[in-house]
There are 2 protein chains.
Amino acid sequence: MTQPRVDLDTSIGYALKQAAAALRAAMETALRPLDLTVSQYSCLELLGQRPGLSAAALARGTFVTRQSMQTLVQGLLDRGLLERAAEAPEGRALPTRLTDEGTRLLADASAVVAAVERAMVADLAPAGQRRLHADLVALAAALADRSS
Amino acid sequence: MTQPRVDLDTSIGYALKQAAAALRAAMETALRPLDLTVSQYSCLELLGQRPGLSAAALARGTFVTRQSMQTLVQGLLDRGLLERAAEAPEGRALPTRLTDEGTRLLADASAVVAAVERAMVADLAPAGQRRLHADLVALAAALADRSS
DNA sequence: GACGGTATGTCAGACTCCTGACATGACGCA
DNA sequence: TGCGTCATGTCAGGAGTCTGACATACCGTC
């Protein structure tokens with residue numbers, strides 16, 4: 001290895017962090033009027049597309065611990081946006097679903113987030129967007145099993 | 001807008017979050033033996049390449065608030081990795097620099113982080129890496145001034 | 001049946017980071 | 001000179017997330 005250092009101006013990792021931070025900040029701003037945090041929106045969105053997920057599965061899908069997701073889900077339950085089975089149909093996993101109110105709020109939230117995402121990728125051609133998506137998924141896959 | 005919703009399977013925002021989470025987890029694992037958090041490493045790395053930055057400037061460069069950077073810097077000062085001017089040469093900004101020990105630790109940390117980054121982009125050709133970097137910077141730029 | 005491994009839910013504690021607020025110093029402008 | 005604005009450092013408080021631990025439920029193997 002000739003120069004195994006990191007150069008901020010060319011580092012993909014730094015640019016990745018920068019883009020993720022910008023996206024998170026923009027989403028926070030967009031979701032504030034709906035009284036939703038980014039994590040709460042992520043939970044609702046995931047649940048909207050994958051109904052019946054357990055809290056642990058939601059945690060994996062939103063990249064937080066299941067303990068954090070637990071308190072997050074509890075808050076959404078208290079707000080009447082989610083409903084959860086009282087008993088586990090199998091194992092210990094408690095299937096969770098959106099309520100009607102949760103579905104309505106998610107529709108609004110999804111719209112504003114989609115607007116942010118469209119603005120983010122507005123300068124990329126459709127082919128470039130697909131390529132970027134594939135690259136990002138490949139980055140995550142290449143780092144799998146490196147976080148033990 | 002025909003379908004202004006978000007599809008997890010094609011969303012660039014979700015893939016971005018996924019890649020950033022994977023990178024962060026891999027960096028945490030790699031830096032743990034050096035007793036450094038990702039935020040602490042980011043501070044050291046930035047300071048190594050931009051000596052004399054103030055805490056507020058470090059905060060902007062690492063995407064945290066200046067209050068968080070303040071406590072982070074204080075911890076690194078206590079560990080003898082950083083040194084900070086006692087008085088401000090101009091304005092209120094206090095220039096901060098790495099100590100010799102900080103420079104040595106940064107060298108090790110930078111090496112392990114560089115290894116993570118190389119593994120992350122190993123499947124991309126050099127041209128693809130440059131294109132991805134440019135795309136990520138463009139994403140962040142497109143979202144600028146959307147976080148008020 | 002007994003055992004170990006894995007996955008889930010849950011509780012408790014600590015840590016990190018944030019928001020809000022205030023004081024100080026530099027600069028521009030009237 | 002005085003005022004307003006901005007950037008920086010700092011203090012206090014709170015919200016969010018994590019680590020660690022424990023109990024429970026499935027699923028293998030022996």
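All chains are named by letter (A, B, ...) in the order of the sequence lines, taking the proteins before the strands, and each is independently numbered beginning at 1.
A straight line from CZ of A/R24 to C1' of D/dT17 spans 10 Å, rounded to a whole angstrom. In this structure, the CG atom of B/L53 is 15 Å from the C1' atom of D/dA7, given to the nearest Å. Rounded to whole Å, atom P of D/dC18 lies 10 Å from atom CG of A/L72. The distance from atom CZ of A/F63 to atom P of D/dC18 is 12 Å, rounded to the nearest whole Å. Taking atom CD of B/E87 as the reference point, atom P of D/dT8 lies 19 Å away to the nearest angstrom.
Each of B/R66 and A/T71 has a nearest nucleotide on DNA chain D; the 5'-most of these lies closest to B/R66. Between A/M69 and A/E90, the residue anchored closer to the 5' end of DNA chain D is A/M69, taking for each the nucleotide with the nearest heavy atom. Comparing A/E28 and A/R92, the nucleotide of DNA chain C nearest to each residue sits closer to the 5' end for A/R92. Both B/V64 and B/A88 lie close to DNA chain C; mapped to their nearest nucleotides by heavy-atom distance, the more 5′-ward contact belongs to B/V64.
Backbone-only engagement by B/A55 is indicated by non-hydrogen atom pairs under 4.0 Å involving sugar-phosphate atoms exclusively. At the heavy-atom level, B/S54 lies under 4.0 Å from the strands shown only through sugar-phosphate atoms.
Within the 3.5 Å criterion, the main-chain N or O of B/V137 finds no donor-acceptor partner in the side chain of A/Q18. In this structure, A/T99 contributes its side chain and A/L81 its backbone to a donor-acceptor pair below 3.5 Å. Between the side chain of B/Q129 and the backbone N or O of A/T10, no donor-acceptor pair lies under 3.5 Å. Between the side chain of A/Q49 and the main chain of B/L8, a donor-acceptor pair closer than 3.5 Å is present.
Counting non-hydrogen atoms of other residues, nucleotides and ligands closer than 6.0 Å to CG of A/D78 gives a total above 12. More than 12 heavy atoms of other shown residues, nucleotides or ligands fall within 6.0 angstrom of atom CG in A/D9.
When the side-chain nitrogen and oxygen atoms of B/S68 are compared with OP1 and OP2 of C/dT16, none of them lie within a distance under 4.0 Å.
At a cut-off of 3.5 angstrom, counting only N and O atoms as typed in the model, there is a donor on one side and an acceptor on the other between the side-chain of A/Q67 and the base of D/dG20. The base of C/dA7 is not paired with the side chain of A/R60 by any donor and acceptor separated by under 3.5 Å.
Of all non-hydrogen atoms in A/E87 and A/L94, the two that sit nearest each other are C-CD2, 3.7 Å.
Residues of residues 32-50 of chain B that place a heavy atom closer than 4.0 Å to DNA chain D do not occur.
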